[in-house]
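Please read these numbers as outputs of a predicted model, since none were measured by experiment.
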Amino acid sequence: MAESEVNLTKTYDAIVIGSGAAGGMAAHVLTRHGLQVLLLEAGKKLPVEKELRSMEWPYDNPYRGQLSPDQHSLTFNEYTIRNPPYGPGSEKAKHLKSYIGSSDYVKNIVVDERENPFTGTNYAWVRARCLGGKTNIWGRLALRLSDYDFKAKSRDGYGEDWPISYSDIAPYYDKVDLYLGITGVKENLPYLPDSIFQRPTKLNCAEVTLKDSLAKMGRVLTQYRAGITSDGLKHNKYRSRCYGRGACERKGGCDIHAAFDSPTGLIYPAMDTGNLALRTNAVVREITVDPQTGKASGVHFIDSQTMKDYAVRAKVVVVAASTLESARLLLLSKSRLHPNGLANSSGHVGHNFCEHIMGPGVTGRARNLVGKPPTLDDGRPGGFYLTRFRNLAEKHPKFIRGYGFEGGSGSTMFPRVTDAHGFGAAFKEEVRKNQGAFISMGAFGEVLARYENYVDLDPVVKDKWGVPALRFHYKFGDNEHRMAEDMKETAQEMFEAAGFEITHVSSRVLTEGWSIHELGTARMGNDPKTSVLNQFQQSHDVKNLFVVDGSAFVNASCQNPTWTIMSLCWRSCDYLADELSKGNL
Ligand SMILES: Cc1cc2nc3c(=O)[nH]c(=O)nc-3n(C[C@H](O)[C@H](O)[C@H](O)COP(=O)(O)OP(=O)(O)OC[C@H]3O[C@@H](n4cnc5c(N)ncnc54)[C@H](O)[C@@H]3O)c2cc1C
Ligand code: SF4
């Protein structure tokens with residue numbers, strides 16, 4: 001798709017900042033409403049199929065899929081021992097990547113940490129500055145939230161309720177399901193509503209054993225609800241149905257776009273309307289304000305290659321740069337009328353920052369599968385999801401909220417786990433015999449939204465483009481640590497009940513940020529004194545400013561956020577278009 005030139009003399013109906021899940025959805029919905037939209041993306045448009053090379057065999061890659069020696073991706077220990085910015089100490093590596101950039105296939109998708117520094121408390125911040133953002137490599141677990149999440153305060157007294165209920169967003173979840181495609185199986189769970197599913201993947205032998213055993217404990221294991229299309233999408237010529245080729249097991253995206261990514265799922269169809277102008281390499285550094293009205297008037301952006309600065313105008317500004325970058329941008333946009341940053345009269349921008357805690361999990365072996373013929377288990381876009389079971393009907397004495405587990409089992413191109421020792425033919429035989437028998441799972445739990453967990457601007461450190469860096473003030477609290485303890489115990493208990501031989505139990509809590517589900521830095525609410533946005537993600541202070549990504553979340557729930565980000569965004573953009581047409585913005 002060809003990019004259009006930005007018309008600097010034109011006032012666009014809307015400028016959308018960022019082209020990931022949120023920005024792509026905003027571009028899609030607003031252009032369908034007939035608005036003239038300019039989409040600004042800080043990163044490049046990468047030849048993403050050439051990056052991902054999903055069908056490349058390991059022996060065809062000079063580094064067997066690993067990074068070349070001049071590249072380094074941060075390890076758990078480096079995140080823990082060192083403080084951000086993480087460059088010092090890794091001088092030998094020309095390029096430094098986050099932990100997710102550890103393969104040759106995603107190295108150009110994630111940012112160079114040195115060009116994009118941040119400071120403060122330890123944080124494994126994963127960023128993808130390119131067209132489509134993190135959706136190029138996301139894990140695709142696509143879950144809905146429920147009133148157990150939206151009305152969590154009413155249930156346990158902590159935090160705030162969302163200003164919406166499940167019934168407000170349900171029609172938009174349906175629209176996202178139908179437009180983008182999702183696989184799964186209906187379970188009729190009140191705390192994890194079903195989607196409109198396409199053909200599901202199949203559970204394998206060990207997974208069915210676990211599912212049956214859990215059912216006796218009143219717990220639910222279901223097929224991975226993957227944001228991919230298994231039946232195909234007749235309305236989208238840029239995407240293919242899933243062929244289950246086995247590449248999903250590799251960290252990285254899907255080069256036939258069966259898995260949702262924002263460019264093929266949303267942006268290219270939006271360009272086909274003729275209403276979308278796309279400008280990549282456009283680092284937005286400030287949202288500008290009309291000094292008379294205090295309303296947003298447009299943005300300043302820097303061309304990331306030439307360093308030239310541009311100004312462009314619009315009737316409405318839609319911020320979708322991802323939770324932390326959007327907060328940064330609001331804080332950067334200070335003016336006489338908005339001295340604390342834009343949309344920040346409440347002082348809540350950057351605060352109530354929340355996400356998911358990860359680490360505890362278990363690996364086991366189904367003894368009855370040792371030595372059985374291998375099966376094709378990496379030809380699936382995911383294994384299983386074990387749904388939340390804590391603090392639903394009963395109250396846990398040690399912590400509030402819940403957690404779920406993601407897991408999988410079976411034969412893959414590279415054995416997922418092995419406890420074999422030695423070398424030579426005997427070692428290979430041992431690995432082959434056992435590899436399909438392993439099963440493992442890891443937990444994702446809700447981190448409570450707390451005002452004291454926040455980001456602000458570093459007064460000294462700047463990024464490659466001279467833009468002040470973000471500074472973190474963020475730590476897991478007691479509730480999270482108590483929950484992590486329980487995750488470890490229940491994981492073990494469930495594997496024992498299923499009759500698996502436990503080979504490894506992980507109690508280690510991974511560094512803050514590891515889940516890549518950052519949320520909440522401009523939360524929505526009814527009270528402008530304690531929230532930044534209203535229920536339509538519209539700023540309480542600046543009525544022609546919308547923040548449509550995970551920033552708006554009031555709490556993190558324990559379900560992965562992307563399907564909710566896109567559903568909320570669709571709802572808000574319908575409202576935006578309506579308000580604009582009525583002259584209310
Ligand atoms: C490896 C991995 C696995 C994941 N697995 C899952 C999963 O299984 N399920 C799930 O729900 N979620 C998952 N996620 C998270 C998911 O990718 C995000 O929730 C989603 O992409 C968020 O969308 P977004 O639009 O807010 O941000 P992004 O997708 O990050 O897009 C933001 C875009 O804004 C651009 N931008 C930033 N700053 C500026 C600026 N100043 N000017 C212009 N543009 C800017 C960025 O370059 C980027 O392209 C995963 C993420 C990763 C990396
Ligand atoms: S299993 Fe399906 S979604 Fe996953 S990489 Fe293969 S084709 Fe894409």
Side-chain angles (χ1 to χ4, degrees), residues 1-4 12-41 43 45 48 130-136 138 140 142 169 171-182 195-196 227-229 232-240 253 257-280 282 314-322 326 536-538 546-550 552 561-581:
M1 303 292 297
E3 285 188 37
S4 357
Y12 288 91
D13 289 327
I15 290 174
V16 176
I17 305 164
S19 68
M25 182 55 81
H28 163 67
V29 178
L30 297 177
T31 54
R32 295 278 155 137
H33 278 288
L35 272 63
Q36 293 293 307
V37 177
L38 172 63
L39 177 59
L40 296 174
E41 165 53 51
K45 179 178 183 307
V48 85
C130 56
L131 187 69
K134 296 194 288 282
T135 66
N136 289 296
W138 74 305
R140 305 139 208 173
I169 191 178
Y172 288 92
Y173 275 130
D174 289 355
K175 283 175 193 270
V176 172
D177 291 346
L178 293 171
Y179 194 68
L180 299 178
I182 178 170
S195 277
I196 302 171
I228 67 136
T229 171
L233 296 166
K234 288 209 175 82
H235 56 268
N236 188 322
K237 65 181 183 211
Y238 302 103
R239 297 185 59 197
S240 158
H257 311 289
F260 159 73
D261 58 66
S262 170
T264 60
L266 297 165
I267 296 171
Y268 299 162
M271 288 170 89
D272 288 338
T273 65
N275 294 331
L276 184 69
L278 168 66
R279 172 68 150 89
T280 52
K315 293 177 192 160
V316 182
V317 174
V318 180
V319 187
S322 76
S326 291
F536 295 106
Q537 297 174 298
Q538 178 184 31
F546 291 74
V547 186
V548 295
D549 53 29
T562 308
W563 230 240
T564 304
I565 290 175
M566 291 194 286
S567 306
L568 276 177
C569 174
W570 196 322
R571 180 173 183 266
S572 300
C573 288
D574 273 356
Y575 170 84
L576 183 167
D578 190 41
E579 287 290 284
L580 188 65
S581 71

message: Set out, in order, the CA-CA distance, both residues' side-chain angles and the distance that settles side-chain contact (heavy atoms from CB on, under 4.5 Å) for Gln538 and Val547, then state yes or no.
response: CA-CA 7 Å; Gln538 178 184 31; Val547 186; over 6 Å; no
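- At least one side-chain heavy atom of Val176 sits less than 4.5 Å from a side-chain heavy atom of Trp563.
- Listed for the Asn236 side chain is no donor-acceptor partner under 3.5 Å among the backbone atoms of Leu233.
- At least one donor-acceptor pair closer than 3.5 Å links the side chain of Asp549 to the backbone N or O of Ser322.
- To the nearest 0.5 Å, the span separating OH on Tyr238 from OG1 on Thr264 amounts to 10.0 Å.
- Here the straight-line distance linking atom NZ of Lys315 with atom OH of Tyr12 works out to 13.0 Å at 0.5 Å rounding.
- The OG atom of Ser567 lies 7.0 Å from the CE atom of Met25; values are rounded to the nearest 0.5 Å.
- Judged by distance alone, with hydrogens and angles left aside, the side-chain atoms of Asp177 form no donor-acceptor pair with the main-chain N or O of Ile182 at under 3.5 Å.
- At least one side-chain heavy atom of Leu276 sits under 4.5 Å from a side-chain heavy atom of Leu39.
- Pairing each heavy atom of Ala282 with each of Leu40, the nearest pair is CB-CD2, 3.9 Å.
- Taking the side chain as every heavy atom from C-beta outward, Phe546 and Val16 never approach each other to under 4.5 Å.
- With values rounded to the nearest 0.5 angstrom, Leu266 atom CG is found 8.0 Å from Trp570 atom CH2.
- With a 6.0 Å cutoff to the six-membered ring centre and a 45° limit on the axis angle, Lys175 counts as a cation-pi contact of Tyr172.
- A donor-acceptor pair under 3.5 Å is formed between the side chain of Trp138 and the backbone N or O of Phe260.
- No donor-acceptor distance shorter than 3.5 angstrom exists from the side chain of Ser262 to the backbone of Gly132, with no hydrogens or angles considered.
- Atoms CD1 and CG, on Ile267 and Asp272 in that order, are 12.0 Å from each other to the nearest 0.5 Å.
- The backbone N or O of Arg32 sits nowhere less than 3.5 Å from a side-chain atom of Thr273 that would complete a donor-acceptor pair.
- With His33 as the partner, the side chain to side chain donor-acceptor pair (under 3.5 Å) test is satisfied by one option alone out of Asp578, Asp574, Asn275: Asp574.
- Side chains of His257 and Val48 form a contact here, defined as non-hydrogen atoms less than 4.5 Å apart.
- In this structure, His235 and Tyr179 have side chains that are in contact, with non-hydrogen atoms separated by less than 4.5 Å.
- For the residue pair Leu180 and Gly265, the shortest heavy atom distance occurs at CD2-O, 3.9 Å.
- Taking all atoms of both residues into account, the shortest heavy-atom contact from Gly20 to Thr135 is C-CG2, 4.1 Å.
- The two residues Ala259 and Ile228 have their closest heavy-atom pair at CA-CG2, 3.5 Å.
- At a threshold of 4.5 Å between non-hydrogen side-chain atoms, the residues Val318 and Leu576 count as touching.
- Residues Cys569 and Val29 fail the side-chain proximity criterion, which asks for heavy atoms closer than 4.5 Å.
- For the pair Val548/Leu568, no side-chain contact is recorded, criterion being any heavy-atom separation below 4.5 Å from C-beta on.
- The line from CE of Met271 to NE2 of His28 is 15.0 Å long, rounded to the nearest 0.5 Å.
- Electrostatic pairing of Arg239 and Asp261 does not count as a salt bridge here, judged by no charged N lying under 4.0 Å from a carboxylate O.
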**Request:** List the steps, then state whether side-chain contact (heavy atoms from CB on, under 4.5 Å) holds for Val316 with Asp13.
**Result:** CA-CA 6 Å; Val316 182; Asp13 289 327; over 6 Å; no
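- Across Glu41 and Ser19, no two heavy atoms sit closer than the pair OE1-OG, 2.8 Å.
- Here the closest heavy-atom approach between residue Ala321 and residue Ser326 is recorded as N-OG, 3.0 Å.
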